[in-house]
Protein chains: 2
Amino acid sequence: MGRIAQRTYHHGDLRRTIIDAALAATGEVGPTGWSLRELARRAGVSHAAPAHHFGDKTGLLTAVAAEGFALFADALEAAAGEPVEVGLAYIRFAIDHRSHFEVMFRPELYRMDDESMRPARERAAAALAASAGALSPDPERVRATTIAAWSFAHGFAELWLSGSLPESADGDPEFLARSVIGVLFDRDGEADR
Amino acid sequence: MGRIAQRTYHHGDLRRTIIDAALAATGEVGPTGWSLRELARRAGVSHAAPAHHFGDKTGLLTAVAAEGFALFADALEAAAGEPVEVGLAYIRFAIDHRSHFEVMFRPELYRMDDESMRPARERAAAALAASAGALSPDPERVRATTIAAWSFAHGFAELWLSGSLPESADGDPEFLARSVIGVLFDRDGEADR
DNA sequence: CTTGAATCTTGTCAATGGCAAGATAGGGTG
DNA sequence: CACCCTATCTTGCCATTGACAAGATTCAAG
């Protein structure tokens, strides 16, 4: 929040402030653990102010998901189709942008068919498919490889976030993921790193 | 519900009835889309009746998660350590017991440290680790293999349930999973089935 | 300066989770 | 059989919530 809350009638950037509050609250109690009114109080505005920008609670979560997919696509594209790097970028995004991620793959929380959702979703899907294409030369297998790699990255991220992996408490997720991938790609030799 | 709701003061099996109602409602609107009072209405009891059996909403979700992990452990153990079959059992469980699964890996919804939770959780973890042990002869790699296989199965299940896989609409998840696994284990030949 | 539109507030309503106090039933003990 | 005692369920209540309606304030365009 760059500018101090000036207590003016017009907030100035309420939309962004509420989204940030939603992200912060989601990080603390999950995407269904907070109330719109609570976010409004944190932002120092009346309980009905958010409705003007998002319509309803679902609208706010839709905005969070849309922003999440845009950031997600950026992160995947930055890995430039390098299969392993894309997978690691996937996992890194889930952990670094946990609040976004926790909303994105819970379609019952928002309006997946919203206009604002499609472009970023498609960009992300394309980045994933491209990296799997680079992994397997056989076009027949690209589909299966995409699903396999996507499932691994997604599952690792979800398990880590849910605290199911014993290492979740202390370790470094990217280091662990890299070592696991190393074993996968090196079936007979020893795991590197 | 074997017995007809007799409209007696004592319900007879309210605990089970409420859990079943929670599972049904979760299947329709997710684990946070229903209210305790709604479940009570469905069961034909007063709005405060469930509290006696579960304490609060979190208590009910804890009961659902505990039951889920018990069924989950049963399903994994039935696959008898056959690595691929355990993975498929994992995915099949997630889809056949979707409502349980959606609660189990969302720790913020229930009390993971509850006494009723531990035994089943440990059984499930043991079944997973055993199958990974069978997969790799090298004990150094069992840990990495466990995480890799677990991540894949979990990610596939989550993506399928969230509707993220294009095939989610119509196809058969087990068939798809089997074919993807086929490709993974057969890097140079052709995918069987 | 005026006017219209965007933004925010205040007030209200039904629904919710949780608690407290009371009603009912069923089982065990004498 | 009479009694009580405890588990079970009900009724009543309160603060909080999401959603909506109506009004207030500010800003910007002309």
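Every chain is numbered from 1 and lettered A, B, ... according to where its sequence line falls, protein lines coming before strand lines. Note that the coordinates shown come from a computational prediction; the quantities given were computed from them, not determined experimentally.
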Is there a path of hydrophobic side-chain contacts, each under 4.5 Å between heavy atoms, that joins A:Ile147 and A:Val142? no
Below 4.0 Å: OP1/OP2 of D:dA7 and any side-chain N or O of B:His53: no
When the distance from CG of A:Leu36 to C1' of C:dT16 is rounded to whole Å, what number comes out? 15 Å
How about A:His97 and A:Phe72: are their ring centres within less than 6.0 Å of each other? no
For the pair made of CG in B:Leu60 and C1' in C:dT16, what is the distance, rounded to whole Å? 15 Å
Do other residues, nucleotides or ligands put more than 12 heavy atoms under 6.0 Å from the CZ atom of A:Arg16? yes
Does a side-chain N or O from A:Ser35 land closer than 4.0 Å to OP1 or OP2 of D:dT16, or not? no
How many whole angstroms separate atom NE2 of B:His47 from atom P of D:dT10? 9 Å
Once you round it to whole Å, what is the distance between P of D:dG18 and NZ of A:Lys57? 4 Å
Let me know the distance between CH2 of B:Trp34 and P of C:dA15, rounded to the nearest Å. 19 Å
Separation of B:His52 atom NE2 from C:dA23 atom P, in whole Å? 18 Å
Atom CZ of A:Arg37 to atom P of C:dT12: distance rounded to whole Å? 13 Å
Distance, rounded to the nearest Å, where B:Arg15 contributes CZ and D:dA7 contributes P: 15 Å
Step through it carefully: locate the ring centre of B:Phe101, locate the ring centre of B:His154, and say whether they are under 6.0 Å apart. yes
